[in-house]
Amino acid sequence: SPRQVGRKAVAVSLSDVAAMGVSAAVLVVTVGLKRGSGVEFARELYRGMAEQADRFDVPIAGGDVTSWTDGLAISVTALGVDGGLEPVRRSGARLGDVICVTGKLGGSLLGRHMDFVPRLVESITLNRNYELHSMTDLSDGLVADLRHIIDESGVGAQLLMEAITISADARLAAERSGRSALQHALTDGEDFELLFTLAEAEAERLLNAPPFPATVTRIGRIVSGTGLRLLDVDGRERPMDLKGYEHNL
């Protein structure tokens, strides 16, 4: 529905702010409506945007509305403010870091991708209370987004096969696709969970007493070298030729 589209358009940009462990300050929205969409369509679209923005007390400060002959186009810019916190980047992963993720992964396209809550509260809590070395949100899939971290940090990563958090949606998607639920958890995009790395001692402190209801799971470790490796339950390395979503610009 237009309201769902509006909610998601804002949520995606707020998730980008959450990926750096800071607060969202203001939103600027530009909408190109398909000519003939009607006033009620536009109202519902903006109601959805307002619902998501109000959830986090982030004002929509301006932008533009126009119409054209093509389809619906939405551009949302979210401006963040650090509030005294150091923004967490993708490029800071260190050897020996523990890799953690919030929530469960995969199968989002069964509907969760249209109705998710960006992890703004969790990311700020993590950044304020723990020394995070790197972080991103999972928009392109676990494999693709972890590769962003290790490529920009100049390190490698090992993922533990049995530790990957698999959603019920991923298992349902596997029944329909013929691919495994694990493959869906590794490659499906639009989970919008947090993926982050931190030192062993900090990870233990976090996992022993999580500061919020969302689950946090240890799924791997940052290692020397380059590339991404998947380890089975016996510690044997499995080929990792899986890819997440790739932007073909």
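For this chain, numbers begin at 1 and follow the sequence in order. When reading the values below, keep in mind they use all heavy atoms of this one structure, side chains included, and skip hydrogens, waters and symmetry mates.
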Backbone of A201 reached by a side-chain donor or acceptor of E204 within 3.5 Å | no
Verify the cluster assignment for L146 and M161: are they in a single hydrophobic cluster under the rule of side-chain heavy atoms below 4.5 Å apart?
-> yes
For the residue pair T136 and H148, establish whether any side-chain heavy-atom pair is separated by less than 4.5 Å.
-> no
Take E131 and R205 through the salt bridge (Lys or Arg N to Asp or Glu O under 4.0 Å) test and state the conclusion after the steps.
-> CA-CA 11 Å; E131 186 180 343; R205 190 165 68 87; over 6 Å; no
How long is the gap from CD on E202 to CG on L126, to the nearest 0.5 Å?
-> 10.5 Å
Do M20 and R90 come close enough that some side-chain heavy atom pair is under 4.5 Å?
-> no
Using modelled atom types only, decide if a donor and an acceptor are shared between the side chain of T30 and the backbone of G63 within a distance under 3.5 Å.
-> no
F116: partners by ring pair (Phe, Tyr, Trp, His ring centres under 6.0 Å), with sequence neighbours left out = F192
Heavy-atom donor-acceptor pair, T197 side chain to A93 backbone, under 3.5 Å | no
Mind listing the closest non-hydrogen atom pair of I60 and A53 along with its distance?
-> CG1-CB, 4.2 Å
Test item: S15 side-chain N/O and D137 main-chain N/O as donor-acceptor pair under 3.5 Å = no
Keeping the roles fixed (side chain from D145, backbone from G141), state whether a donor-acceptor pair exists under 3.5 Å.
-> yes
Could you tell me whether K8 atom NZ has more than 12 heavy atoms of other residues or ligands within 6.0 Å of it?
-> yes
Over 12 non-hydrogen atoms of neighbours within 6.0 angstrom of CZ in R89 | no
Considering non-hydrogen atoms only, spot the tightest contact between V29 and V31 and give its length.
-> CG1-CG2, 3.8 Å
Say whether, by atom type as modelled, one donor and one acceptor occur between the side chain of E44 and the main chain of P2 under 3.5 angstrom.
-> no
Determine yes or no for a side-chain-to-main-chain donor-acceptor pair under 3.5 angstrom, with S153 supplying the side chain and S91 the backbone.
-> yes
If you take all heavy atoms of A24 and V17, which pair is closest and at what distance?
-> N-CG1, 3.8 Å
Would a distance-only check, ignoring hydrogens and angles, find a side-chain to backbone donor-acceptor pair under 3.5 Å from D82 to E86?
-> no
On a heavy-atom basis, the closest approach of A18 and S123 is O-CB, 3.0 Å
Which side chain to side chain donor-acceptor pair (under 3.5 Å) pairs, counting each pair once, include a residue from residues 51-80, with sequence neighbours left out?
-> R3-E51, R7-E51, Q52-R55
Spacing of CG belonging to L72 relative to CG belonging to L45, to within rounding of 0.5 Å = 6.0 Å
Single hit among N129, L132, V216 for side-chain contact (heavy atoms from CB on, under 4.5 Å) with L206 = V216
